[in-house]
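Notes for the one structure printed next.
For the numbers below, each heavy atom of this structure counts, side chains included, while hydrogens, waters and symmetry mates do not.
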Amino acid sequence: MEKTAEKIVAFDVETPNHRNDRICAIGITLIEDGQISDTFSYIVNPECEFDAQNVRLHGIRPEDAAGVPAFPDIWEKLRELFRTCLVAAHNANFDLCVLRKTLAAYGIAESLLYYVDTLQIAQRVDKNVENHKLSTLCKHFCIPLEPHDAGSDSYACAKLLCLFLEAGVDLGKFTRAFRFEAPASGAREGYRAGLSQSSSALLTLNGILSGIACDDVLAEAEVGYLQAWLDENIALKGNYPYDKIYSTLTGALADGVLTAKESQDMLSLFKRVTDPVGENACDCGALDLEGKNVCLTGEFDFGPKEEVAGKLAALGAQIQNSVTGKTDILVVGGQGSAAWSAGNYGNKVKKALEMKEKGADILIVAEAGFFAALKD
């Protein structure tokens, strides 16, 4: 795939329910030569039920989507943009994962795209804001925003990106590849064929937690839904992160009152579970690999995993094939992996998270931050 360097497509999606595997609205804003050239949005018929919580967030009702085209028709209009342009989104992991699940649900095969995340850029280049939520940044930069309106959100993301470009930000340092699953022909339901029942359920849990945490608000209805889902899926007991989520939620609700601190702690936990690299990775400064046990997971922008391993071994690292109690660093490739059963991560990250919960000192670090630390 060849990217059109002069054109960037900023996008945002809204979802009809907690599963986050369908789209009921998508907003698109185009940037050409550093300036916004067009913006538009579509209401999409998700061909599934709506959750009341989602309707309260974005205001799109089932009757609003009943008479409009479904996702495959909309994608026919958009696919070339996503295939040939650099893609941008704010908290891109959420929107891209929803897009990937929706493509899979309709049996639409795509390979990969290249994207930048304005959330990550803002976190790196602008320290003078309380937080880096889209609403906070828009207020800081006087950008108009109607929260949870896909068109408004995509426009705000594009305006932020234009400001970053004007400030001289090098997008090349923030560009990542995102791989799509090639689903089985004709598959319409579910995300991946061949998953065990427990893996499918854990993937559903991941989607629920992503939907809850995406707006940094823990609503009473969301807590109730999550509690009911956990009770209905008690067979997952003994699996990470089910046990951690279950014990944290039941502990917080034991006295019948959910305090502001308990809500914030739970939201932080949900983010660590659904975005383990972004939420758990630290600013590791300059790294000395001499004698360090390093494990690699995913596909790397740097090149084949064997080349990455060879480079690190030359710097004194001991390369491990799996995460163990002796692992010092787990490096997560920038391109992810189509084989990751949890969507955002696989078994190596999952095991590292479990060990961190038990007190192990394992550094989970994304490829870009890792190599930047090596340069330092």
Side-chain angles (χ1 to χ4, degrees), residues 91-94 96-97 117 119-120 123-124 132 173-174 176-179 199 202-203 205-206 209-210 213 239-245 248 265-302 305 308-309 311-313 315-376:
N91 191 21
N93 183 68
F94 175 79
L96 289 172
C97 285
D117 188 340
L119 171 62
Q120 293 179 355
Q123 289 173 332
R124 184 77 63 86
H132 295 89
K173 295 181 179 179
F174 295 94
R176 303 287 179 267
F178 185 88
R179 293 187 180 276
S199 293
L202 289 171
L203 185 58
L205 176 59
N206 187 282
L209 298 178
S210 293
N239 286 280
Y240 182 87
Y242 177 90
D243 289 351
K244 181 65 177 178
I245 301 296
T248 300
D265 288 345
M266 274 198 284
L267 282 171
S268 296
L269 171 61
F270 297 167
K271 291 178 181 180
R272 291 199 306 272
V273 167
T274 57
D275 184 16
V277 179
E279 293 296 324
N280 289 282
C282 65
D283 184 2
C284 47
L287 277 176
D288 179 6
L289 296 186
E290 186 65 39
K292 294 290 195 305
N293 293 309
V294 178
C295 185
L296 307 177
T297 183
E299 303 300 325
F300 287 75
D301 295 321
F302 178 88
K305 191 178 295 183
V308 178
K311 176 180 176 64
L312 303 187
L315 295 174
Q318 303 295 319
I319 305 301
Q320 295 182 307
N321 292 324
S322 59
V323 174
T324 71
K326 296 182 179 180
T327 304
D328 298 303
I329 304 171
L330 176 62
V331 187
V332 183
Q335 296 187 21
S337 172
W340 285 354
S341 61
N344 300 336
Y345 60 91
N347 289 329
K348 290 179 181 178
V349 174
K350 179 181 175 182
K351 186 171 183 180
L353 288 173
E354 290 179 283
M355 295 174 67
K356 283 176 73 71
E357 290 289 345
K358 297 176 182 177
D361 186 20
I362 299 177
L363 174 64
I364 303 174
V365 60
E367 175 184 358
F370 178 75
F371 280 108
L374 289 186
K375 290 180 182 178
D376 291 339

Going through the distances and angles, do F94 and L119 end up as a side chain to side chain contact (heavy atoms under 4.5 Å, CB included)? CA-CA 12 Å; F94 175 79; L119 171 62; over 6 Å; no
Gap between atom [atom2] of [Y] and atom [atom1] of [X] - 0.5 Å precision:
X	Y	atom1	atom2	answer
Y242	L205	OH	CG	9.0 Å
K351	L330	NZ	CG	11.5 Å
T324	N293	OG1	CG	6.5 Å
T297	K350	OG1	NZ	13.5 Å
I364	M355	CD1	CE	10.5 Å
L289	K311	CG	NZ	9.5 Å

Between [Y] and [X], is there a side-chain heavy-atom distance shorter than 4.5 Å?
X	Y	answer
F270	I245	yes
R124	K173	no
I329	V365	yes

Quick one: does K356's side chain have a donor or acceptor within less than 3.5 Å of a partner on L363's backbone? no
Taking the side chain from D328 and the backbone from K292, do they hold a donor-acceptor pair closer than 3.5 Å? no
What one should report as the nearest heavy-atom pair of C295 and T327 is CB-CG2, 4.3 Å
Indicate the atoms forming the closest heavy-atom contact of V294 with A317, along with that distance. CG2-CB, 3.8 Å
Could you tell me whether K305 atom NZ has more than 12 heavy atoms of other residues or ligands within 6.0 Å of it? yes
Evaluate side chain to side chain contact (heavy atoms under 4.5 Å, CB included) for V308 paired with V331, printing each intermediate quantity in order. CA-CA 10 Å; V308 178; V331 187; 6.0 Å; no
For F174, ring pair (Phe, Tyr, Trp, His ring centres under 6.0 Å) partners two or more places apart: none
Side chain to side chain donor-acceptor pair (under 3.5 Å) filter on Q120, not counting sequence neighbours, yields none
